[in-house]
Amino acid sequence: MESDQLATLAHRIKDHLSVQSKLPFVIGVAGGTASGKTTVCNMIISQLHDQGVVLINQDSFYHSFNDKELEKVHEYNFDHPDAFDTELLLSCVEKLKLGQPISIPYYDFKRHKSVGPGQQVNPSHVIILEGILVLHDPRVRGLMNMKIFVDTDSDLRLARRIRRDTVERGRNIQNVLDQYDRFVKPSFEEFILPSKKYADIIIPRGGDNEVAIDLIVEHIRTKLGQHELCKIYPNIFVIFPTFQIRGMHTLIRDVNTTKHDFVFYADRLIRLVVEHGLGHLPFIERQITTPTSSIYPGVVFYKRLCGVSVIRSGESMENALRACCKGIKIGKILIHREGHSGRQLIYEKLPADISSRHVLLLDPVIASGNCAVKAISLLVSKGVPESNIIFLNLIAAPQGIHAVCKQFPKVKIVTSEIDVTLDDNFRVIPGMGEFGDRYFGTDNEEHI
């Protein structure tokens, strides 16, 4: 029976991870020929070097020519939507979004046909689709999370095209100019330029516009750091998953980590969560004078705060809060677990004026959310507005987040990671075990 339960749980985790892998961030980068699209893409990729990025060029999906068509290649419009195998392009991107590897054709521009076995591409966190007409077809646009149009002066684009086609593709200048007049310029005005209206972001000057590219990368990083639940509940805040944070999670989740190391790295992670949570407090702007007699435009945060720890594991977060907020008052709540769904308030000691304070509720783990709901209900009954409560924890299960957010949509939840699920015993999976036992070195049952 136990093996069946483990198998069921494994399938649930696999399905969840599979869903997550189906949600890469897809960026479309369009613009006229030689507008600087590839440069923009390379700059984005360079800044996202710590993320998995796949670049798919629409040029790889040109239809191959047979011998008869090659005889009239100079009569062919390569800038027309029909020049591309859009169905194959759609299939490749959709497979990547489903977490499946693909093979992208290798197109030989001198022979005008796809050659070789193609390039093998694996799924990734970010997919960049670049090409003159990637914003033209609504089906392709529908796959994108961000649409960019690179807007560059037509004379500059022509100069770049002449240089590219003569040097890289073995064509003579006259043929390039003839093709530009007959096909490239008319197609730009008929198909490419109208697609500009679908763009979320327009980048003038292409790769020379470093400010625009920096803002785009910052936005992408923000989106990559968001769990899907953050898109459902705007009151959920997950710390951006740097390698440092993932490294700390690796250590505190490891069953073989010693108590000393568990406490050390848990304290580090708690401090980061507390610092992040404090950033959600209201503030007022204030100018101060520095020792150099200069003016510094600063801010001052709201000072009427208090912490409330959920005994026992929540007490592990008190030192970090005291280290960040000098002299802060801290209250305590003890909630007893009765079965899997029942919670009984055993003890509470809160500041008498708590209703006038912003409250930082401390509990390292949100599992089913029942304990959290009970604690928040107590605070609200004491007159604390929902919007004045910031719930700080290290990991949270989706079920617990749903439970809290549905009942208290104005309470801010700040966590360092959202886990996969709960098992049949309402333990967080993959989780980190009984936090209080591991932190304090005891074997008592955790009342969460």
Side-chain angles (χ1 to χ4, degrees), residues 229-230 232-238 270 273-274 276-283 301-318 320-322 324-325 328-415 418 422 426 428 435-436 446-448:
L229 286 175
C230 297
I232 300 173
Y233 302 116
N235 55 320
I236 302 295
F237 303 93
V238 182
I270 289 168
V273 170
V274 169
H276 195 89
L278 292 173
H280 291 279
L281 292 170
F283 64 89
F301 285 98
Y302 189 84
K303 292 184 177 179
R304 289 191 58 78
L305 309 174
C306 84
V308 174
S309 60
V310 179
I311 301 173
R312 173 173 55 114
S313 56
E315 293 174 309
S316 65
M317 305 177 74
E318 293 177 4
L321 184 57
R322 290 190 180 99
C324 296
C325 304
I328 188 171
K329 291 186 176 182
I330 295 182
K332 296 180 185 291
I333 299 175
L334 175 60
I335 297 171
H336 179 65
R337 179 169 59 191
E338 297 177 333
H340 290 313
S341 57
R343 296 294 185 275
Q344 180 182 357
L345 177 65
I346 301 298
Y347 170 81
E348 55 96 352
K349 184 177 181 181
L350 304 172
D353 60 349
I354 193 170
S355 62
S356 64
R357 295 177 179 270
H358 280 258
V359 178
L360 299 165
L361 183 60
L362 312 175
D363 197 354
V365 179
I366 302 179
S368 66
N370 293 325
C371 180
V373 168
K374 190 73 173 180
I376 296 169
S377 297
L378 174 63
L379 295 175
V380 172
S381 73
K382 297 290 185 179
V384 181
E386 279 186 43
S387 56
N388 284 9
I389 301 173
I390 302 176
F391 190 11
L392 307 181
N393 60 87
L394 301 187
I395 63 172
Q399 293 91 330
I401 289 177
H402 286 303
V404 174
C405 291
K406 286 179 179 178
Q407 190 158 341
F408 301 106
K410 295 181 181 179
V411 171
K412 296 182 178 69
I413 298 178
V414 177
T415 188
I418 297 176
L422 298 177
F426 293 87
V428 181
F435 185 91
E446 185 72 16
H447 296 288
I448 62 171

Over all atoms of both residues, closest heavy-atom pair of [X] and [Y]:
X: Val404; Y: Gly369; result: CG2-O, 4.2 Å
X: Asn393; Y: Pro364; result: CB-O, 3.4 Å
X: Cys405; Y: Asn235; result: SG-ND2, 3.5 Å
X: Ser309; Y: Glu318; result: OG-OE2, 2.6 Å
X: Leu321; Y: Gly307; result: CD2-CA, 3.7 Å
X: Gly436; Y: Arg312; result: O-NH1, 3.5 Å

Measure the [atom1]-[atom2] distance between [X] and [Y] for me, rounded to the nearest 0.5 Å.
X: Lys329; Y: Asp353; atom1: NZ; atom2: CG; value: 5.0 Å
X: Ile376; Y: Lys410; atom1: CD1; atom2: NZ; value: 14.0 Å
X: Phe391; Y: Ile366; atom1: CZ; atom2: CD1; value: 4.0 Å
X: Leu229; Y: Ile418; atom1: CG; atom2: CD1; value: 5.0 Å
X: Asn388; Y: Arg304; atom1: CG; atom2: CZ; value: 11.0 Å
X: Leu278; Y: Cys324; atom1: CG; atom2: SG; value: 5.5 Å

Side chain proximity check, [X] to [Y], heavy atoms < 4.5 angstrom:
X: Val365; Y: Ser313; result: no
X: Ile270; Y: Leu362; result: no
X: Ile330; Y: Val308; result: no
X: Ser377; Y: Val380; result: no
X: Leu345; Y: Lys374; result: yes
X: Leu394; Y: Phe435; result: yes
X: Leu379; Y: Leu350; result: yes
X: Ile354; Y: Pro351; result: yes

Would you please indicate yes or no on a ring centroid separation below 6.0 angstrom for His280 and Phe237? yes
Within a reach of under 6.0 Å around CZ of Phe301, are more than 12 heavy atoms found that belong to other residues, nucleotides or ligands? yes
Should the heavy atoms of other residues, nucleotides or ligands under 6.0 Å from NZ of Lys332 be counted, would the total exceed 12?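 Check passes, neighbour count above 12.
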With a 3.5 Å distance limit and no angle check, can you tell me whether Ser355 reaches the backbone of Val384 through a side-chain donor-acceptor pair?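 Flag not set: sc Ser355 to bb Val384 has no pair under 3.5 Å.
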